[in-house]
Amino acid sequence: MMHTAVGWHVEMEFMEDDDQHTRAVAMVRLPDGTEVRAHGHASRHHTDPYQPRVGEEIAGARALNELAMQMLTKAHTEIDSASGRTSHPIHV
């Protein structure tokens, strides 16, 4: 039997400084109160058509990827702390 113990909500925010640059911030608040934030960016080549949604998808994906790496590092540190030894890095 599977039980759901917790749920996480990831917040994403996007900023566009002009029609060529998009920045994203991803944040997750963990049950212990910890907040983990990450950033991503996208730049549109001047010959590409203006498609803000595509810039958001790229910047958002990069922010989520960075968030995932930070979460893996956090988990790895907690494993080491709880076990009292150095474990092997967690790879994606």
Side-chain angles (χ1 to χ4, degrees):
M1 182 185 318
M2 185 182 301
H3 297 280
T4 301
V6 297
W8 294 356
H9 295 276
V10 176
E11 296 179 21
M12 297 286 298
E13 191 173 291
F14 299 95
M15 292 134 309
E16 296 181 24
D17 59 6
D18 59 27
D19 64 343
Q20 293 183 357
H21 300 94
T22 303
R23 298 189 188 286
V25 178
M27 190 273 291
V28 63
R29 186 173 296 109
L30 303 175
D32 67 0
T34 304
E35 290 184 358
V36 181
R37 295 176 189 269
H39 298 83
H41 70 280
S43 297
R44 181 179 66 86
H45 190 272
H46 68 276
T47 61
D48 290 339
Y50 178 64
Q51 295 179 296
R53 181 184 48 83
V54 173
E56 289 174 2
E57 290 170 352
I58 293 170
R62 288 176 173 161
L64 289 170
N65 186 56
E66 177 60 29
L67 186 66
M69 297 309 296
Q70 288 183 39
M71 294 298 301
L72 284 171
T73 298
K74 182 180 183 313
H76 181 66
T77 301
E78 291 173 1
I79 290 168
D80 287 354
S81 178
S83 68
R85 62 180 171 80
T86 302
S87 58
H88 296 286
I90 300 170
H91 297 286
V92 178

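Residues P52 and F14 are not in side-chain contact: their nearest non-hydrogen atoms beyond the backbone lie 4.5 Å or more apart. Two residues are said to be in side-chain contact when any heavy atoms from C-beta on lie closer than 4.5 Å; H39 and R23 fail this criterion.
Residue pairs meeting the salt bridge (charged side-chain N to carboxylate O under 4.0 Å, His left out) criterion with at least one member in residues 75-89, sequence neighbours excluded, are K74-E78. The stretch residues 39-49 participates, sequence neighbours left out, in these salt bridge (charged side-chain N to carboxylate O under 4.0 Å, His left out) pairs: D19-R44.
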Set out, in order, the CA-CA distance, both residues' side-chain angles and the distance that settles side-chain contact (heavy atoms from CB on, under 4.5 Å) for S43 and H21, then state yes or no. CA-CA 5 Å; S43 297; H21 300 94; 3.3 Å; yes

One pair to check against side-chain contact (heavy atoms from CB on, under 4.5 Å): E11 and V25. What are the steps and the verdict? CA-CA 8 Å; E11 296 179 21; V25 178; over 6 Å; no

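Residues forming a side chain to side chain donor-acceptor pair (under 3.5 Å) with E35 (at least two apart in sequence, or on another chain): R29, R37. For S81, there are no side chain to side chain donor-acceptor pair (under 3.5 Å) partners at least two apart in sequence or on another chain.
When hydrophobic residues (I, L, V, M, F, W, Y) are linked wherever their side-chain heavy atoms come within less than 4.5 Å, M27 remains an isolated member.
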I'd like a table of donor-acceptor pairs (distance under 3.5 Å, sequence neighbours excluded) in which one partner is a side-chain atom from residues 56-69, with atom names and distances.
{"unit_1": "E57", "atom_1": "OE2", "unit_2": "R53", "atom_2": "NH1", "d": "2.8"}
{"unit_1": "R62", "atom_1": "NH1", "unit_2": "H41", "atom_2": "O", "d": "2.8"}
{"unit_1": "E66", "atom_1": "OE2", "unit_2": "Q70", "atom_2": "NE2", "d": "3.4"}

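Here the OG1 atom belonging to T86 is positioned 12.0 Å from the CD1 atom belonging to I79, to the nearest 0.5 angstrom.
Judged purely by atom type and a 3.5 angstrom limit, T34 has no side-chain atom pairing as donor or acceptor with the backbone of L30.
With hydrophobic clusters built from ILVMFWY side chains whose heavy atoms lie under 4.5 angstrom apart, M15 does not share a cluster with M12.
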